[in-house]
Amino acid sequence: MENTANNMDKTYNPQGIERDIYDSWEKSGAFTAKRVEGKKPFTIVMPPPNITGQLHMGHAMDCLLQDSLARYHRMKGDPTLWLPGTDHASIATEVKVVEKLAAQGIDKKSISREEFLEHAWEWKEEYGGRITQQLRRLGASCDWSRERFTLDEDYYAAVREVFVRMYEKGLIYRGNRIVNWCSVCQTALSDAEVEHEEQASFLWHIRYPASDGGEGVVVATTRPETMLGDTGVAVNPEDKRYIHLHGKTVTLPLSGRNIPIVADSYVDISFGTGAVKMTPAHDPNDFEVAERTGLAILNVINPDGTMNDAAGTRYAGLSALDCRKLVVEDLQKLGLIIKIEPYTHQVGTCYRCHTTVDPLISLQWFVHMEPLAQPAIEAVRNNQTKFVPDRFSKVYFNWMENIRDWCISRQLWWGHRIPAWYCESCGEIIVSREAPDICPVCQSSRLKQDEDVLDTWFSSALWPFATLGWPENTDDLKYFYPTSTLVTGYDIIFFWVARMIFSGIEYMGEVPFDTVLIHGLVRDALGRKMSKSLGNGIDPLDIIEAYGADALRFSLCQGISPGADTRFSTERVESARNFANKVWNAARFVLMNLEGEESLEGKSLGLADKWILSRAMEAIKEIGEHFEQNEHGLAASKIYDFAWGEFCDWYIELAKADLFGEDIQRKQSVRAVLQFVLEALLKMLHPFMPFITEELYRYLPGREDESCMLSKWPIYVPSLHFAHDADQMQGVMDIIRAVRNLRAELKVQPGQKARLMLKAQGDWHSTLDESRQHFMRLASASSVELLDASEQIEGKIVSAVTSAAEILIPLGDLVDFKKEILRMQKEYDNLSGEIMRSQAKLNNDGFLNKAPESLVLAEKQKLEENMMMLNTMEQRLIEMKS
RNA sequence: GGUCUGUUGGCUCAGUUGGUAGAGCACAUCGUUCACAUCGAUGGGGUCACUGGUUCGAGUCCAGUACAGACCACCA
């Protein structure tokens, strides 16, 4: 079907065209990034969505911000790469697969590792594909030819490379340390994976009698069951109450073991009883005290959260909570519970399943963080990477500066298996890129690979360079690294952003990105987090079905500002949908009135033409600046205001008079302006609403075979910026508005032939601007005198403009003097302030010598003008006051 | 306990070097002969949380107060 305006629908119907447009983009290879030597590329790596399920609004926001940046830069002519991919999400996916298997009656324990992984890969095929399809529906212009998955074979090679290098450098070690243990997920967790929740509980005060029969000490605890693993009691060395007990022992109730009293400054004299029970196996602080004072370590909790044999036969096998009840009961019978007081405290929970984590001693792999954190802190401090908004760099510093070693091993199957082998003959640990055949120490071939996998974030930390082919030194890697902007939510600054920064510095010698653009969460209409448990999540796909991807995209960036949360509401989407329709119809109107391609060249421009061109130039300038500053919200509202409030509301209306008129020259000029501005408008809107703009672009005369996506971003042309005329136009617009007002007030009927004549009584101000002000004032006070009915104001606003020039204005009479004087007084004050500032500037040597001459001249001119204005004002004020 | 952010019309939010308060939605009145009722015109509605300070001038800068929220944290 031929693209003509006449067969365009009256309303924009996105459902029919979005898929076709996306397919045509993808088929044309337009998304594929090309390296152009000598040109600086614009690179974004997509935060890889987890393959655990569907995209949610957060992803839609992520995607929209990145896509609009990518599209903007592509149109600017930068070689643009937006690299997509998905994350295997070790623990999260494993939990899902286990659930799925359980639903089929399959217990993970009953199948082999290989069988389980087969199921997991099936899951990946199903959900990984679904997610990339959803991204396509959103219009993501990413380079699918470079798509990556964190568990790809070559990606795993990068992971092994890093692991081996770190191990050889001493940055990775294996050790028995206290870790956060989730008894449901049955794995260790890093500190970042623990969330703190407030819990109401009790503080139990328990007496530990002295071994020599003395009173002993009273300790306070929130976890009485852990006393079974106590190996000592700590007091502060300065605490006079307990000096006599140093070196003595107390008898641990219920177990009868004698445990020492040690002195350590960790203990706070003023809190509780000043004596702290030490459970080194199940409390990180106690562990540290034990290391300093040589206390024994006694593990009493099993990995599944139950008590083990070391807890004593009476308690072994009980869950921690059941054990707690029994222990308290038993102690009460012995009269050793001194006090139970209510107490709320923060408890660590697993970020996946929200089970309370048990700190316990376990043999795990760790990353030694301090040497990595230092350069990563420096890089941000030196602005090699900038956070937008800047306040997030503080959050980053705070975390990096207090960082502890990172536990990277997970007792899971789905993930990157740790490239370490143990010799079953001599116990040697072999860390290697490939599976070794024999033990280098004892030549034995009885080698067994570590069962654990790596923390999923260990591999995501390599994303910016592993996706580009590292450790091979590929052309892509050389050209596209470091990347330009990373777009993500503030919730994964620690998990991901920080770790990418130190990894990039360590392995590439350079930070992975210039800018980190942080966006907020998308909340529901009531401001709550969208979550499955609340059931308040909204599926982006449903919104796209109902309103179109463009509407969803635009609604997500209207009124957002970096780092701030935003609320999702269908009203907003509706408003965006209406906007799309408005643009559609504006284009339809313009296209219906064009006759072939028109150029601005040699056209004589009227006031309104100059005005809209000036406004377009300003929009080009502003929107470009907003994109450079990552102010998507401001860019979006600018294009909205320009398209609707200026182009549609004013210029198209004014253009009608010429389009339907007799003057051939005017007709051609207006057509040229309409076409020029419409084209610029479509381009500027394209990063936000790619589908509708692409569709409309193909209707433009002379653009039938071109693509908006691949067109050049509009150029700011200073000679098309008619500032002075634009000011005048503003005056005309105000007059038009005032005339409309008057017409309504004076009840001039539509269609009635009439002529508005207003008679002057006092001052007649010849400049349009002043007459406008007076006119407005009078209009609102309705102090005009209608001499005659006017000519066809309705529908032909332009004729009203012409007659506006004939409107004569009476000054005085009905103006509210009191208000007027106040207003003028304020204006007068402002003006004198302005003058003082100008004078100060002009007295400043720095300004006079260093600022460009034009600026100095402008300042002088401004000062002069202001002085004159001030004088007139002064006189008028005096007159009015008298 | 530490850090950060917000408080602007009925609702949701903009407001980028300090210069006479904005938008969308909602509301009221009027209007469908032709781009658009997913529309147009007009209008009402805000002492910009509070108190002080800097300034000719403060929503905007500074200090404090109140309320709301977020993040971090090894006080048993």
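Just so we're on the same page: letters track the sequence lines, and every chain starts at 1.
Contact between the side-chain N/O atoms of A:K582 and the OP1/OP2 oxygens of B:rG40 is found at a separation under 4.0 Å. The phosphate of B:rA76 has neither OP1 nor OP2 within less than 4.0 Å of any side-chain N or O from A:Y266. Between A:T222 and B:rA76, a side-chain N or O to OP1/OP2 separation shorter than 4.0 Å is absent. For A:W644 and B:rG40, the shortest distance from a side-chain N or O to OP1 or OP2 is below 4.0 Å. At B:rC39, one or more side-chain N or O atoms of A:N578 fall inside 4.0 Å of OP1 or OP2 (strictly under the cut-off). For the pair A:K394 and B:rU3, the criterion of a side-chain N or O lying under 4.0 Å from OP1 or OP2 is not met. Listed pair A:K656 / B:rC34 fails the phosphate criterion, with no side-chain N or O lying under 4.0 Å from OP1 or OP2.
Counting non-hydrogen atoms under 4.0 angstrom, A:Y343 reaches the backbone sugars and phosphates but no base. When heavy atoms are screened at a 4.0 angstrom cut-off, A:N398 is found touching the sugar-phosphate backbone but no base atom. At the heavy-atom level, A:Q346 lies under 4.0 Å from base atoms of the strands shown. Among the heavy atoms of the strands, none lies under 4.0 Å from A:F579.
Closest-nucleotide positions on RNA chain B for A:S270 and A:A586 were compared, and the one nearer the 5' end corresponds to A:A586.
Separation of the A:F688 and A:F579 ring centroids does not fall under the 6.0 Å cut-off.
Separation of the C1' atoms belonging to B:rA66 and B:rC50 is 7 Å when rounded to the nearest angstrom. Between the P atoms of B:rA35 and B:rG46, the separation comes to 38 Å (whole Å).
Taken together, the paired segments of RNA chain B that extend over three or more consecutive Watson-Crick or G-U pairs, each closer than 3.5 Å at both contacts, are B:1-7 with B:66-72, B:10-13 with B:22-25, B:27-31 with B:39-43, B:49-53 with B:61-65.
The base of B:rU12 has none of its N or O atoms less than 3.5 Å from a complementary donor or acceptor on the side chain of A:R567.
Taking every side-chain heavy atom of A:T11 into account, B:rU38 is the closest of B:rG24, B:rU38, B:rA35.
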